[in-house]
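Below is one structure, written out as structure tokens; comments come after it.
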Amino acid sequence: MLEGKRILLIIGGGIAAFKSLDLIRRLRERGASVTPVLTVSGAQFVTPLSASALSAQKVYRDLFDLTDEAEMGHIELSRSADLVVVAPATADLMAKMAAGLANDLASTLLLATDKSVLIAPAMNVRMWEHAATQRNIATLKGDGVLTVGPDEGDMACGEYGPGRMAEPLAIVEAIGAALADGPLKGKRVLVTSGPTHEPIDPVRYIANRSSGAQGSAIARALMALGADVVFVTGPAEAAMPAGAEIIKVETAQQMADAVAAELPVAAAVFAAAVADWRVTSASNSKIKKDASGSLPSLSFAENPDILAGVSQMKKGRPGLVVGFAAETDDVIANATAKRKRKGCDWIVANDVSPETGIMGGAENAVTLISDLGAESWPRMGKDQVAARLAAKIAEALG
Ligand code: C5P
């Protein structure tokens, strides 16, 4: 998928820079060529020699290196690649990009390039969460800069939270998505995925067994056909589809709000297992056992039906709306009725009876229900279901 692709890799100054050496190796294994650019602080973390040995290319470092200008000017360097990748993208590099500064080789290349730019942010949690960085990332996204990560986890500085650079393989996946060329190129497709969590109190919640595997697979398959995917996900176990714009939510209401904020889109696939009800009696403090032995009672309210709401939009409805129906009995009859009731174009129906092992498993056996009737697909991997569905979506969007 990356055979023959040329990547200009800007390595910023952060402890995550060591992972960029592995990234170079992974990209070359897949047939891509990598031209590394080291910022001054990047060179404090990885040596030019290791970057050039792993890439088998000259490493560029200084804007005023006249030999380089004679061989290849910085303008040409910025445009000779298929994609510019910044990993790690430090808070400083992101601020420079957002402000349009060009005071060293990396920032000049980023301002001069006519190619897409993908950044993998990496920094301390507080630096990531700082209003200035959040403003900068929003500006960069608005400018069309693609992002992957940051991940959440333990950080080299000893703190925990978002700010870890995405792993090299996730960056490779995002690069693949950025370079993908197919029938969905330039089309924005929204995918919802995973379960929702409906709080009972600050520590307890109501959830379901959805792993998010099918939703992640659909997002990847759509990206492989060139789509720009917006991925709105509840707390899912499955790996996130790197390269998608990922919006994490917890509750159905948050999911509904996130979806509304991302419209319009060319198509929307609602693969999330959204809770039908939320707890209206949710407590702000942990509910304690009562000494008298009396049991707590919960009251519920219905959650917004996101799929039905989007399907029935009068203005700005996506060109194609796909829902899922997880059923345990009379799968086709129930799903056909659901398609009518919700007003979506297609329903992907599956039998999630425990004996099928589908919910949380690697395989799925689905029936696609459209106005043409029901089309049952043989049992296959969730990746294959996703690829087939993505191909159908591409065909329908024409
Ligand atoms: O009504 P039911 O939950 O069975 O419908 C399933 C379909 O509706 C799925 O596509 C699911 O993502 C979507 N849905 C939704 N919002 C809800 C409930 C379900 O978008 N509140």
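No hydrogens, no waters, no symmetry mates; every other heavy atom, side chains included, goes into these values. Note that ligands are numbered from 1 as they come in the structure, with each ligand's atoms numbered from 1 the same way.
- Test Lys342, Lys338, Arg341 against Asp305 for salt bridge (charged side-chain N to carboxylate O under 4.0 Å, His left out) and you get one pass: Lys342.
- With Arg339 contributing its side chain and Asp345 its backbone, the two residues share a donor-acceptor pair below 3.5 Å.
- Side-chain N or O atoms of Ser216 include none that pairs as donor or acceptor with a backbone N or O of Ala213 at under 3.5 Å.
- Arg6 and Asp82 are joined by a salt bridge, as a carboxylate oxygen and a charged side-chain nitrogen come within less than 4.0 angstrom of each other.
- Salt bridge annotation for Lys187-Asp228: absent, with no cationic side-chain nitrogen under 4.0 angstrom from a carboxylate oxygen.
- A cation-pi arrangement is present between Arg388 and Trp377 under the rule of less than 6.0 angstrom and at most 45 degrees off the ring axis.
- Within 4.0 Å of ligand 1, the residues that place a heavy atom are Phe270, Ala272, Val274, Asp276, Pro304, Asp305, Ile306, Leu307, Gly323, Phe324, Lys338, Lys342, listed by chain and number.
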